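Everything numeric here is computed off the predicted structure, so don't read it as measured data. Because only heavy atoms are used, hydrogens play no part in the values below, and waters and symmetry mates are left out as well, while side chains stay in.
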Protein chains: 2
Amino acid sequence: MRATIKDVAKKAGVSIATVSRVFNNSPLVQEKTKAIVQEAARSFSYVPNPSARSLSTRRTETLGVLLPDLHGEFFSEVIRGMDQTARKHRYHLLISSSHNNKSEIAAALGVMRGRVDGLIIMSPNIDAHTLNTNLPSSLPLVLLNCSIEDNSFDTFNIDNFNGAREAVLHLIGHGHRRIAVIKGTEGNIDARERLRGYLSALESAGISRAPELEFEGMFTEISGYQAVEPILQLRPRPSAIFASNDSMAIGAMSALETFGVAVPDDLALAGFDDTPIARFVNPALTTVHVDISNLGVQAVERLLTSVKEEHPRGRTQIVLPTRLVARESCGCKMRPANDVRNPQEETASLSAE
Amino acid sequence: MRATIKDVAKKAGVSIATVSRVFNNSPLVQEKTKAIVQEAARSFSYVPNPSARSLSTRRTETLGVLLPDLHGEFFSEVIRGMDQTARKHRYHLLISSSHNNKSEIAAALGVMRGRVDGLIIMSPNIDAHTLNTNLPSSLPLVLLNCSIEDNSFDTFNIDNFNGAREAVLHLIGHGHRRIAVIKGTEGNIDARERLRGYLSALESAGISRAPELEFEGMFTEISGYQAVEPILQLRPRPSAIFASNDSMAIGAMSALETFGVAVPDDLALAGFDDTPIARFVNPALTTVHVDISNLGVQAVERLLTSVKEEHPRGRTQIVLPTRLVARESCGCKMRPANDVRNPQEETASLSAE
DNA sequence: TCACGAAATGTAAACGTTTACATTTGAGGA
DNA sequence: TCCTCAAATGTAAACGTTTACATTTCGTGA
C-alpha cells in the first residue's frame, strides 16, 4: 500500500504542511527538520501523488504533442528533440498521433484538456477556428509546420520556400532548363511551399512555368518511383527532377536505374530533408538540409516559456533556415567535406520572420 | 474560468453525484435526467477534470513508454502502433526516451510513478533487479526487446535468431562459404541474437566459425560503410556480408560501390528489418521482414489486459516471427511478387515461446 | 526577565471528482 | 388508500496534496 504525505508526517513528527514544504523546497524549513522529513520519506519510498499535486496546483507538468501521423525519420527526430528538451525542464510528453482531419483534431484537443499545461500541434490541416473553438484561450500553444498564417499564435516553420528555391537554382546552375517536380502530399504546407520555391527559381532564371512538368507525389518512396515513367515519356524530356523530399528522390532514383537512365549524366536529381540515407545512395543525393531535432527543441523551449510566463507577451512566427547540400545527383563532382565520415550537424540559427 | 461539476449540477438542478453518474454512464439515471445534465454540461463545454478523476479512481488512463533512444523508422513505427492501439481503448501515451543506463532508467521509472496505469519498457539494458526495486509490484508491465529472460514478466521479442539464421542460410544457398557479419551495437539483445543466428546458420552448413569475419557495427549507415574496407582486405576475401540491420547494409552497399565491388556478382549482401527504403536501393536489398508496428500494437494490447484484469494471471513471453525477403543483393534474379508497386504488409501471427 | 520581531511550524480549507450509504420517489398490488 | 419494493437521487466523506492565515518558537536587545 502506497504511503501518503500523512504517513511521512507522522513518522517525522511534523505536520503535513512541513512535509509539503520540504518536497517543494520552501526556504522556510530548518535543515535539521528537512533531513528528518527526507529520511522518513525515504523509508517509505514516498513519492508525491501527481494527480493530487495537479488538483492543487492546477498544473500537470506535461506537454501535449499532436501529430498528423508518425512516419519515418522526420518524426522520430522531431520527437526526440522535444522529449530531451521537455525532460531537461522536468516536463513529460503526452503523444497523440494520426490526426488528419478537423474532427479528429477537435476530438484529440478535447481529450487532452486538463492533462497538459501546454500543447504543440503539428498538423497541416489545422485552422484557427478549430483551435479557438476547442481550446481555452489561456492554454499555451505552439504550432509546428501548420498552414495558419495568423499572427496570434506562436509558429515554427521550416524555410521550405528558400530551400526548394536554392535546390532548383542549383540544378539551373548545372545548365538544366527543363526541370520536372514531384510534388508533396496535396494540401500539405511543406508541399505547397516547396512547389512555390520551385516556381520561384524558374521565374528567377527566366524559365516559364510548364504545368506538364509538375507531378503528384505523397512523400513516399513508392510515389517517387511511380512518377518517373510519365516523366520519361515527356517530349522534350526533362533533364532534371526536383523531388519534394528525399524518400521520393530515392524512389525516383531507383526507377531511373530500372529504366536505364543514368543519374546525373542523363538526368539530374535533387531531394529535400537530408535524411541520413541520402549520403549512402549511389549517386549520393543532392538535397536540402533541415535540422529536424532542433525544430522539436525550439518548439518545446518556446512552449515552456509560455507555460511559465505570467504575463502574456507577443506571439512569434519563426522560420528555421534550410541549407543546400550538393552531392552527386545534381552533377557536382565534389561532395561537401566530411560528408560521409563525419556528418556535421549544424546548429540552426533562428530568424524571426 | 473553467466550469466544474458543481456548476453543471446547479444548472441542471440535480446533485453532483447525478452529474457524475451521467458522465460515467451509470444505469441508475433516468434518460430524461441524463438529457438535462448533458445539455447543461454542453452549455459550459464542461469536461471532467482528469486529475480529480485520477485522485478518486486511482487510475490515470495513461500508459508509460520508456525507450532507449528515438532513431529512425523502427521507433516511429513501433510508437505509431502503440499510439493507435492505446487511443482505440481511450488511453494516452506518455513517452520518455534516451534511457541508456540503469541510473537513467531508475530515475525515469521514479518520475512516471503515479502518472501511468501501466508501463512498456523497451530498453536493452534493463534488469529485473532495477525493475523490482523501482516499481510497485502491482504496476502492470510489458517488456519489449529486453534481454530479461525471467518468466515473471510479460515480454515481446522479435525472432532475431531465426530471421538472421534464415538470411545467412539463404546466402549459403547461393553458394557462399565465407560470409562476413557486421554486428549490431554492443550489449544490444537484437545484435546478440542476430549474431547467434548467423553462427547457427554457419554451423548448420558445416562451416567453421571464423572470428576474423566478425566486424563491429552500431546499427547506423556510417558504421556499415566503415566496416567494408577492412572486410575487403581479408584474404581470402569473403564473398558475402550479412549486416545486422538494413541501415548498415545500405552503408555497406554504398562503400562497395565506392570500392568498385559489384553487388551481388562480386560480393553478396543481406540486411535485417525490411525498412521501406530496402526496396529502392540498387540492387534491391535482401533482408528480413519485421512487422514493427504490430509489435507496438501487441504490446499495448497485452498491457491493457493486465491493467484491466482484477486477478493476476500468468506471464507470457512472446516472440514475433520474422520472414526472409529475398530481393537482388543476395544474387536472386526474381523479386517477391508486388515488391515495389504494392508492398504487402502481412499481419504477423503470434506464437508463444 | 520581558518584549518584540522574524522564522518556523501547524490548522483548516481548498482543489474536483467518485461513491457508499441514506433518503426520496414512483409504481404496483392488496 | 396504504404498503412494499426497486429505482433514482442526494449527502457526506474520501482521495492526497497545497497554501493562506494562525500560532508557536527562537533569538536578540533592553
Contact pattern, 5' to 3', of nucleotides 19-26 of chain C - B, S or - by protein heavy atom under 4.0 Å: BB------
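- For the side chain to side chain donor-acceptor pair (under 3.5 Å) test, residues two or more places apart in sequence or in another chain that qualify with Thr18(B) are Ser15(B).
- Atom CD1 in Ile36(B) sits roughly 13 Å away from atom C1' in dT9(D) (whole-Å rounding).
- One atom, CZ of Arg58(A), and another, C1' of dG16(C), lie 9 Å apart when rounded to the nearest Å.
- The CZ atom of Arg113(A) sits 16 Å away from the C1' atom of dT17(C) (whole-angstrom rounding).
- Listed pair Thr4(A) / dG16(D) fails the phosphate criterion, with no side-chain N or O lying under 4.0 Å from OP1 or OP2.
- With sequence neighbours excluded, no residue forms a side chain to side chain donor-acceptor pair (under 3.5 Å) with Ser56(B).
- Qualifying side chain to side chain contact (heavy atoms under 4.5 Å, CB included) partners for Asn134(B), counting only residues two or more places apart in sequence or in other chains: Ala106(B), Leu109(B), Thr130(B).
- Between Ser76(B) and Arg80(B), the side chains place no donor N or O within less than 3.5 Å of an acceptor N or O (distance only, hydrogens not considered).
- Pairs engaging residues 107-129 of chain B under the salt bridge (Lys or Arg N to Asp or Glu O under 4.0 Å) rule: Glu61(A)-Arg115(B), Lys102(B)-Asp127(B) [sequence neighbours left out].
- Rounded to an integer number of Å, the gap from CZ of Arg59(A) to P of dT18(D) is 14 Å.
- Between the C1' atom of dT17(D) and the CZ atom of Arg53(A) lies a distance of 8 Å, rounded to the nearest Å.
- Residue contacts for Pro27(A): at a heavy-atom cut-off of 4.0 Å it reaches the sugar-phosphate backbone alone, with no base atom in range.
- Annotation: salt bridge (Lys or Arg N to Asp or Glu O under 4.0 Å) contacts involving residues 17-35 of chain B, sequence neighbours excluded, are absent.
- Residue Ser51(A) is classed as having no contact, given no heavy-atom separation below 4.0 Å to the nucleic acid.
- Comparing Val14(B) and Ala52(B) by the nucleotide of DNA chain D whose heavy atom lies nearest to each, the residue mapping closer to the 5' end is Val14(B).
- Atom CG of Asn49(B) is separated from atom C1' of dC15(C) by 8 Å (rounded to the nearest Å).
- Rounded to whole Å, the distance from CD on Glu31(B) to C1' on dA8(D) is 13 Å.
- Relative to the axis of its first five pairs, the axis of the last five pairs of the helix from dT1(C)-dA30(D) to dA30(C)-dT1(D) sits at 50°, rounded to 10 degrees.
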Pair up each side-chain donor or acceptor in residues 42-53 of chain B with any protein partner under 3.5 Å, not counting sequence neighbours, and list the distances.
{"unit_1": "Arg42(B)", "atom_1": "NH1", "unit_2": "Glu39(B)", "atom_2": "OE1", "d": "2.9"}
{"unit_1": "Ser43(B)", "atom_1": "OG", "unit_2": "Lys11(B)", "atom_2": "NZ", "d": "3.2"}
{"unit_1": "Ser43(B)", "atom_1": "OG", "unit_2": "Ala40(B)", "atom_2": "O", "d": "2.6"}
{"unit_1": "Asn49(B)", "atom_1": "OD1", "unit_2": "Ser51(B)", "atom_2": "N", "d": "2.8"}
{"unit_1": "Asn49(B)", "atom_1": "OD1", "unit_2": "Ala52(B)", "atom_2": "N", "d": "3.1"}
{"unit_1": "Arg53(B)", "atom_1": "NH1", "unit_2": "Asn24(B)", "atom_2": "OD1", "d": "3.0"}

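- Between Leu55(A) and Thr33(A), it is Thr33(A) whose nearest contact on DNA chain C lies nearer the 5' terminus.
- Here dA13(C) presents its P atom at 14 Å from NZ of Lys6(B), a figure rounded to the nearest Å.
- A side-chain N or O of Ser306(B) and one of Arg302(B) form a donor-acceptor pair less than 3.5 Å apart.
- Listed by chain and residue number, Ser147(B), Asn157(B), Arg192(B), Glu193(B) satisfy the side chain to side chain contact (heavy atoms under 4.5 Å, CB included) test with Ile189(B) (two or more places apart in sequence, or in another chain).
- In this structure, Val29(B) reaches the sugar-phosphate backbone alone: every heavy-atom distance under 4.0 Å involves primed, P, OP1 or OP2 atoms, never a base.
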